[in-house]
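The chains referred to below are lettered A, B, ... by the order of the sequence lines, with proteins before strands, and numbering in each begins at 1.
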Amino acid sequence: MYFRLGWRNIWRNPRRTLVIMTAVIIGVWSMIFLGSLMRGIADQMVRNGIATLTGHIQVHHNGYRNDPVIENSMTDPEAVETALKRSLPPDSRWSSRVRVNAIASNARHSSGVTLVGIDPQRETKISFIGGAVIQGRYMNPDSRNGIVVGKALVDKFKTKLGRKLVLMSRDTDGEIASRAFRIVGIFNAETEATEKRFVFVTLPAAQQMLKLEKGISEVSVTLSSQQEVHQVAHDLRAGLPSDKYEIHTWQELLPLVTAVLKMYDGFIYLWFLVVFIAMGFGIVNTILMAVFERIREFGLLNALGMKPGWIIREVLTESFFLLILGMLIGNSLGFLSFFALSGNGIDLSSLAAGMEYFGMSRVIYPIIQGKDVVMANLVVFILGLVVSLYPAVKAARFTPVEALAHT
Amino acid sequence: MSIDIKMAWRNIWRNPRRSILTISAIAFASLLLVFMLSWQLGSYDTMINSVLKIHTGHLQVQAEGYKDKRSIRLVVPKPTAVSAILDKTPGVAAYTFRANAFSLVSSEERTYGAMVVGIDPAREVNISTLKKVVREGSYLSEEDTNKALVGELLAKNLQVGLGDELVVLGQGRDGSIAATVVKVKGIYSSGLDEFDRSSLHITLKNFQDVYTMHGAVHELVALGKSLEDVPEIKKAVATGIEKMDKKHRLVALDWMELMPGLIQGIKIDLVGGFIFYIILIVVVAFSILNTFLMAIFERKREFGVLMAIGTTPWRLTKLLLIESAIITMVGIVSGIIAGSLVTWYFQVHGIVISGASELMKQFGIPERMYPQLSVLSVSIGSGLVLVITFLTALYPALKVRRLRPVEAMRSV
Amino acid sequence: MNIVECTNVKKIYQQDKLEVRALNDVSLSIKKGDFIAIAGPSGSGKTTLLNIIGGLDVADSGRVLVDGNVLSTMSQTELATLRLRKVGFVFQAYNLILVLSALENVEFVMLLQGVPSSERRERAKAILDDVGLSDMYDRRPAELSGGQQQRVAVARAIVSNPSIVLADEPTANLDSKTGASLLEMMEHMNEKKHVTFIFSTHDKMVMNYAHRLVSLRDGQVVDDQVHER
């Protein structure tokens, strides 16, 4: 009964209802869609961070993170492997690396780089490098002197495939070890900084050059689901002696990304609130108009002995319909725009340098998060009803005399 | 006051509740925009200036190609010839000379690659914040030979402190081995990790000796009196250096060319901001459209009478537009006042975004941010609100022209 | 000289599926300076006729001439200008502008005509004095009685020296005494300013004031007589 009455009442003045509904629709749409864009940017940052040799969890020798030098290597990889096999969920992946700072140079140029020794087959499954080679080929496991370098580094060094590159770094004896590698592959990365910073050789080649024997710098682990990260990290910490090993999750490894995520969280909810306030004024005003137009009707109901509660419920039912309809359409449009853009993403290559400055990707793929959608709708729905209380209470208070005096 | 305006004003207050809600919506949007734009624009200035003053400066003169290749051979052979031009160029506040060489830097324990920068200590003070960010030890003086300022993170990586020795090994301009031992005189922390991790400063004289520069430098770094002067200076300098040595071509590069990411980053931030603002204003516009529409539906009869006594349709449109203009202006003005007060409060006290300071530091934004009220930040936002509200008011104001007096007067 | 000339005017309203012949072939000439009543029961077409003469409504066929202007060929803006210059309206429900005072209501018409403000004020005051409201300049319509409001309405209608004043049942909302004094005032204005008054009514008392009485029934003129004075 309420519902039928409320529904009919909002269509007494269809234009007015449509106008305010448009405000709700645009508001909800912007909440869903812009929210998904921001989530997309943030998610891409996390993905890039994780794929750029971070992984979900890393295992290092104690002290490596603060002082990433050759001395802080793990000399007993088998022990780590056993612990990993015990603690990791079956579908997770991991790979060992040697990772040290080095100087790369050729005849004309030199520059500081990070030398990464990888297990080519395992590495493909956990980081970006497997799919990033755009020229030449990816490393094969028994390549003794092949090296894969970034496009930006190649440009800077004015070199090309097949040319030599000399790497220098300190070995375990404290001596400068230097070794020439031949460029077999050139990779492309999301950011130029990555392309300039990392050079890849095979794990044995790096171990041999640095006299590490079986030693490794880090083990990077990716899990099939991010939810497990903390549990797995916890298990690993329990399984490995803490005086020898340190275990970090990506949140700890990428403090900047974590900070950005937190900031985006705050920003998205702030946006929800701001948009709501903007349409809240309209909702109150429109319902007020509707109520004042029917002041005689309400006064009459009041005179007939209708309880104020009934009138409040009646008015709230109207705003309920207004909100629900607006939300329904707004959500649909939000999801539609999301699907329209989720295929190809939004390409911002023209602003690549700026995106890189903020650590963003060149292409943004929107992502819809359940909690944002729920939050957006809750904000609109609950606050919408709350602000409608004002006109509703107003309507309930009309006295018959007032009502009749009003023309 | 003319009757038109008097009428409009009184009509607005026939329904004060509704008008106040509408004015509040407009004021809310203006307030938010004034504050946000003051913040955005303010942070850009701070960001640009703090980033540029760490190292880059407003404008640099370099050998052609040096920016990308960073080769030690690409030099400005006669720095005094260029400085003569800078001396003559109006708007230049200060300039200095620098030379850079990528080298291996080793402590007893560690070896890292780093950019060794030769600076003129006296001139550098006027260009960059280097002296101010020296947190330990002291800044270089003219006569210091074999003394160095080291970035905090580099010092940490190298595990050195004040007074410790570092071996620097690189390649000189002529291809010879350049090697020297320097003592850590100061440790600086600019906040920009990349800079603090990979640079080391010695005096220019020292640098020129070690790297056999023969008096040449790599960059002349200049600061204009303000950022706005930069294009003028660049033009003047570019024409000046064109007439010089044809064999060693020099170029003048402004900060946008030296740090393209910075300006593009700002563009992205601005564009992103405006997408949000415009959506916000459109939501507000639809929120208030009903008020404007109701103003005609409720008063159809009145308009009928006005038409009957000879008011032309245009005049009615004008009357309605005056009404919406008053509502809009009252809203915008109160929004601007409230927004300016809020902004001004934070301009004085600053805003700390808890937890984000690490993040801000990386983009060169100081921890405590100060929004900056300006003509631009106040006018852009309210201008947008004005335009969109006006368009909103136009629809009902033009719709009223379709009324016919007889029908209008018949309706209640 | 005829100030209004209607020739074979027809007007049909479509009400739902019913056709209402509001005016069925009405021809009427009105001389300048006349004080004329259109009488008839409700639904006889009085209001329609006044609206058409005043350019508020358009006839379906026939010719309407007001002070030499052919109304059927004029646009809305031209009609508005005509109403502004040549026609004054007085309505049954007064229809003053609620947010303006008595003086401002009268001034408003001159404002539309572009009369300079000092002259506006002078003339508005003079005319309000003429209609007997010299101490009520600043009252808003809500603070005036019905009779006073209607006097303001008459003042508003004649202040611009129109060729004709059309008054649709001007006394219907007033008691008979107030109505009579309003009519006396109108008659006085008719003589003093030589303004043509056309008013509609179904009230015998009002008809007695008219110098000429045109009776309408079912959209047709059934009687037209001149009262000797």
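Judged purely by atom type and a 3.5 angstrom limit, B/Ser287 uses its side chain to pair as donor or acceptor with the backbone of A/Ala278.
With respect to chain B, the highest number of heavy-atom pairs below 4.5 Å among A/Val69, A/Ile70, A/Thr286, A/Ile20 belongs to A/Val69. Across B/Ile263, B/Asn157, B/Leu293, B/Leu104, the residue that shares the most heavy-atom pairs under 4.5 angstrom with chain A is B/Leu104. When the candidates A/Pro68, A/Gly112, A/Ala102 are compared by the number of heavy-atom contacts under 4.5 Å with chain B, A/Gly112 comes out ahead.
Atom CZ of A/Arg16 is separated from atom CG of B/Leu289 by 12.0 Å, given to the nearest 0.5 angstrom. Separating the CE atom in B/Met294 from the CZ atom in A/Arg15 is a distance of 10.0 Å, to the nearest 0.5 Å. Between atom CZ of residue B/Arg70 and atom NZ of residue A/Lys156 there is a gap of 9.0 Å, rounded to the nearest 0.5 Å.
For chain B, the nearby part of A/Arg170 is the side chain; its heavy atoms alone come within less than 4.5 Å. In this structure, chain B has no heavy atom under 4.5 Å from any part of A/Met21. For chain B, the nearby parts of A/Met279 are the backbone and the side chain; heavy atoms of each come within less than 4.5 Å. In this structure, chain A has no heavy atom under 4.5 Å from any part of B/Ala29. Proximity to chain B (any heavy atom under 4.5 Å) is restricted, for A/Met38, to the side chain, taken from C-beta onward. Only the side chain of A/Ile103 has a heavy atom closer than 4.5 Å to any heavy atom of chain B. Proximity to chain B (any heavy atom under 4.5 Å) is restricted, for A/Leu288, to the side chain, taken from C-beta onward. Only the side chain of A/Tyr390 comes within contact range of chain B, judged by heavy atoms closer than 4.5 Å. With a 4.5 Å cut-off on non-hydrogen atoms, A/Phe33 does not touch chain B at all. With a 4.5 angstrom heavy-atom cutoff, A/Ile25 does not touch chain B via any of its atoms.
Within a 6.0 Å radius of NZ in B/Lys156, no more than 12 heavy atoms belonging to other residues, nucleotides or ligands are found. Residue-environment remark: CZ (A/Arg397) stays at or below the threshold of 12 foreign heavy atoms within 6.0 Å. By the 6.0 Å contact criterion, CD on A/Glu252 is enclosed, its count of non-hydrogen atoms from other residues, nucleotides or ligands being greater than 12. Other residues, nucleotides and ligands contribute more than 12 heavy atoms inside 6.0 Å of the CG atom of B/Leu391.
The shortest heavy-atom contact between B/Phe286 and A/Ala23 is CB-CB, 3.5 Å.
None of B/Thr392, B/Asn290, B/Thr291, B/Ile288 except one satisfies the side chain to side chain contact (heavy atoms under 4.5 Å, CB included) rule with A/Val19; the exception is B/Asn290.
Side-chain contact check for B/Arg110 versus A/Glu71: some heavy-atom pair is nearer than 4.5 Å. At least one side-chain heavy atom of B/Phe28 sits under 4.5 Å from a side-chain heavy atom of A/Val274. You'll find the side chain of B/Arg18 stays beyond 4.5 Å of the side chain of A/Phe292, heavy atoms only.
Proximity to chain A among residues 271-280 of chain B is limited to B/Ile275, B/Phe276, B/Ile279, B/Leu280, judged by heavy-atom separations below 4.5 angstrom.
Of the N and O atoms on the side chains of B/Thr22 and A/Asn285, at least one donor lies less than 3.5 Å from an acceptor on the other residue.
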